[in-house]
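Structure record follows, encoded as structure tokens.
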Amino acid sequence: MTDVKYVFVTGGVTSSLGKGIISASLAKLLQARGYSVTIQKLDPYINVDPGTLNPYEHGECYVTLDGAETDLDLGHYERFLNVPTSQANNVTTGRIYQSVINKERKGDYLGKTVQVIPHITDEIKRRIKLVGSGDKFDIVITEIGGTVGDIESLPYIESVRQLKWELGAQNCIVIHLTLVPYLSSTGESKTKPTQHSVKELLETGIQPDVLVLRTERHLNEDIKRKVALFCNVEEKAVIESVDVSTIYEVPIKMLEQGLDRTVLKKMGLPIETEPPLTEWREFLTKLKNPKHSIKIGLVGKYVELPDAYKSIAESFIHSGALNECAIDVEYIHSEEITENNVTDRLSGFNGVLVAPGFGSRGIDGKILTAKYARENNIPFFGICLGMQCAVIEFARNVLHFEGAHSTEINHKTKYPVIDLMEEQKSVIDKGGTMRLGGYRCIIDKNSKTFEAYRKTEIIERHRHRYEFNNKYYDDFKNRGMVPVGINPESGLVEIIEIPDHKWFVGVQFHPEYSSTVINPHPLFVSFVKACIG
Ligand code: GLN
């Protein structure tokens with residue numbers, strides 16, 4: 001067996017250059033060449049995981065099948081690779097320190113001063129190697145969050161330096177992603193920020209093997225040669241990443257420039273024929289040549305930052321392409337929806353989706369949206385809190401349970417149609433304590449959901465504390481909001497539908513986390529179909 005190879009992806013000049021997309025694209029190409037690849041993200045913040053972060057801080061919190069609350073980049077990895085990630089694929093500084101401090105308290109370092117080097121860096125290296133252990137992967141791609149030069153990322157960079165030394169140049173390569181800005185006043189693309197950024201990396205003892213240059217405009221060969229010369233990188237290893245209309249185009253662009261070939265060559269791995277990427281290209285063709293078009297209103301409260309709903313947006317891209325349909329998703333602030341303007345605000349849409357969320361802000365707008373969709377026979381998709389709002393609305397306006405609510409918002413409500421789950425009642429800590437990850441669900445054959453999945457047993461990912469209150473099960477069922485998906489172990493209601501409606505589905509789980517390019521999520525596919533009409 002050959003050794004596991006490690007590829008590190010660092011970033012320079014600015015944040016948000018798309019290290020996650022470059023990592024995922026490279027992984028896709030290597031996977032298409034027959035290698036088993038996984039991606040890991042190292043995040044420099046001190047939260048143990050992003051589960052306690054407000055989406056405004058860091059975008060969506062992505063949940064893995066094994067119940068880890070992780071960085072949204074893991075979503076990209078899964079969407080590109082179509083392979084589930086796990087807890088080990090996302091590590092934060094908080095988690096590293098937590099392990100080291102726990103070991104210190106146990107006496108594992110007895111007598112020693114515990115320091116960033118070697119103890120923190122050893123723990124970082126252990127976490128990196130852990131992903132590569134167990135013979136599962138040929139190549140591990142590790143993305144280092146943040147920008148080179150940040151105080152926070154120093155221990156990570158130092159760990160990469162040590163690993164490169166320990167494992168040898170062929171087993172450990174570094175791809176550095178930078179920005180080449182274009183100055184319109186002089187009509188030039190400038191390489192100086194890249195040169196500085198590489199110097200900064202060199203100061204930490206790391207010579208990058210490959211440079212990926214983010215740019216608005218094509219870079220000519222002279223510029224690439226100049227970067228290669230001044231940054232001490234092979235000419236072939238200077239790759240441009242020019243802005244494209246969809247992130248799913250990036251693997252093709254990287255293939256054209258031989259990023260994967262360069263990486264394989266540096267690692268001493270065989271380079272066989274070009275991967276055809278047939279399914280991927282078919283997806284892109286469909287995406288770019290839609291036959292239909294629809295408008296969907298996404299009602300949520302974090303709409304100022306579209307990254308807060310990243311997986312939902314991507315799920316629409318996957319399901320839109322499959323249906324050969326261009327989807328214009330308009331983000332609507334739930335706080336702006338009132339009794340007076342709801343018709344005006346929502347009448348132009350082919351379908352509405354009420355987003356997940358926490359707390360009371362904007363809840364009334366979400367409940368009004370569910371009412372509007374139900375009464376006007378407009379396709380409605382409620383996810384997690386979105387489903388809970390549909391239940392509350394139905395209780396108030398169809399069952400006439402006055403003041404019905406979720407106890408998350410009003411713990412004194414007379415009709416707690418959404419209530420805290422039993423096992424949550426004793427929970428005090430906020431981090432990692434929700435009902436998280438994959439749970440089974442048995443689907444009623446007589447439902448739209450069954451038509452979508454074409455199977456009766458599914459596993460979907462969860463992230464919530466509150467739940468449909470089974471005390472009212474018969475009330476809902478008898479009046480036309482039917483629980484059609486149940487967790488067999490707990491009896492918890494996971495899916496509700498209104499059979500008399502064109503398409504009205506609420507799910508307690510998060511289908512958006514498991515939609516991929518190759519496997520668009522069946523519920524999104526079915527919802528989009530209903531919206532096309
Ligand atoms: N706040 C709700 C709960 O905890 C819904 C959570 C969500 O939408 N992810 O149950």
Side-chain angles (χ1 to χ4, degrees), residues 49-65 67-70 72 75 298-303 305 307-313 315 334-335 352-367 369-370 380-393 395 404-411 413 416-439 441 460-470 472 483 485 487 490 492-496 505-514 521 523:
D49 61 45
T52 55
L53 287 172
N54 185 312
Y56 285 130
E57 294 276 322
H58 207 62
E60 160 191 288
C61 171
Y62 185 78
V63 179
T64 60
L65 206 50
E69 296 178 285
T70 71
L72 58 77
L298 190 157
V299 179
K301 68 168 176 178
Y302 307 111
V303 292
L305 185 77
D307 261 6
Y309 301 114
K310 193 78 205 161
S311 293
I312 294 178
S315 301
S334 54
E335 277 180 304
V352 290
L353 184 148
V354 176
F358 294 84
S360 59
R361 186 169 68 91
I363 195 97
D364 293 335
K366 291 185 170 179
I367 296 171
T369 302
F380 171 90
F381 197 4
I383 300 183
C384 208
L385 183 63
M387 167 219 169
Q388 297 176 355
C389 288
V391 168
I392 295 166
E393 188 280 314
H405 223 318
S406 160
T407 51
E408 179 181 8
I409 319 296
N410 176 6
H411 65 273
T413 172
V417 288
I418 303 292
D419 199 8
L420 194 60
M421 280 178 280
E422 206 43 51
E423 69 266 27
Q424 285 287 330
K425 292 191 174 151
S426 54
V427 171
I428 297 164
D429 283 358
K430 289 279 182 274
T433 55
M434 282 187 249
R435 180 173 181 240
L436 288 167
Y439 284 90
C441 173
E460 291 284 2
R461 307 180 198 188
H462 295 250
R463 183 172 188 247
H464 62 122
R465 295 185 204 280
Y466 294 82
E467 191 36 70
F468 180 91
N469 188 343
N470 270 324
Y472 302 106
N487 171 251
S490 60
L492 292 177
V493 171
E494 313 282 36
I495 310 169
I496 55 96
V505 178
V507 290
Q508 187 55 74
F509 50 79
H510 292 264
E512 71 274 24
Y513 293 146
S514 45
H521 194 282
L523 282 177

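One-based numbering along the sequence shown. Atoms within each ligand, like the ligands themselves, are counted from 1 in listed order. Because the structure is a prediction, the values reported are computed rather than measured.
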What I want to find out is whether Arg465 reaches Glu408 closely enough, with some N-O distance under 4.0 Å, to be called a salt bridge. no
Looking just at side-chain N and O atoms, do Ser334 and Arg361 make a donor-acceptor pair shorter than 3.5 Å? no
Enumerate the protein residues lying less than 4.0 Å from ligand 1, judged by heavy-atom distances, in chain and residue-number order. Pro356, Gly357, Phe358, Cys384, Leu385, Gln388, Glu408, Arg463, His464, Arg465, Tyr466, His510
Do the ring planes of Tyr62 and Tyr513 sit parallel (below 30°), tilted (30 to 60°) or perpendicular (above 60°)? perpendicular
Taking every non-hydrogen atom, the tightest pair across Thr70 and Thr64: CG2-CG2, 3.9 Å
Residues 425-439 vs salt bridge (charged side-chain N to carboxylate O under 4.0 Å, His left out), sequence neighbours excluded, gives Glu422-Lys425, Arg435-Glu467, Arg435-Glu494
Might you point out which heavy atoms bring Ser490 and Asn487 nearest each other, and give the distance in Å? OG-OD1, 2.5 Å
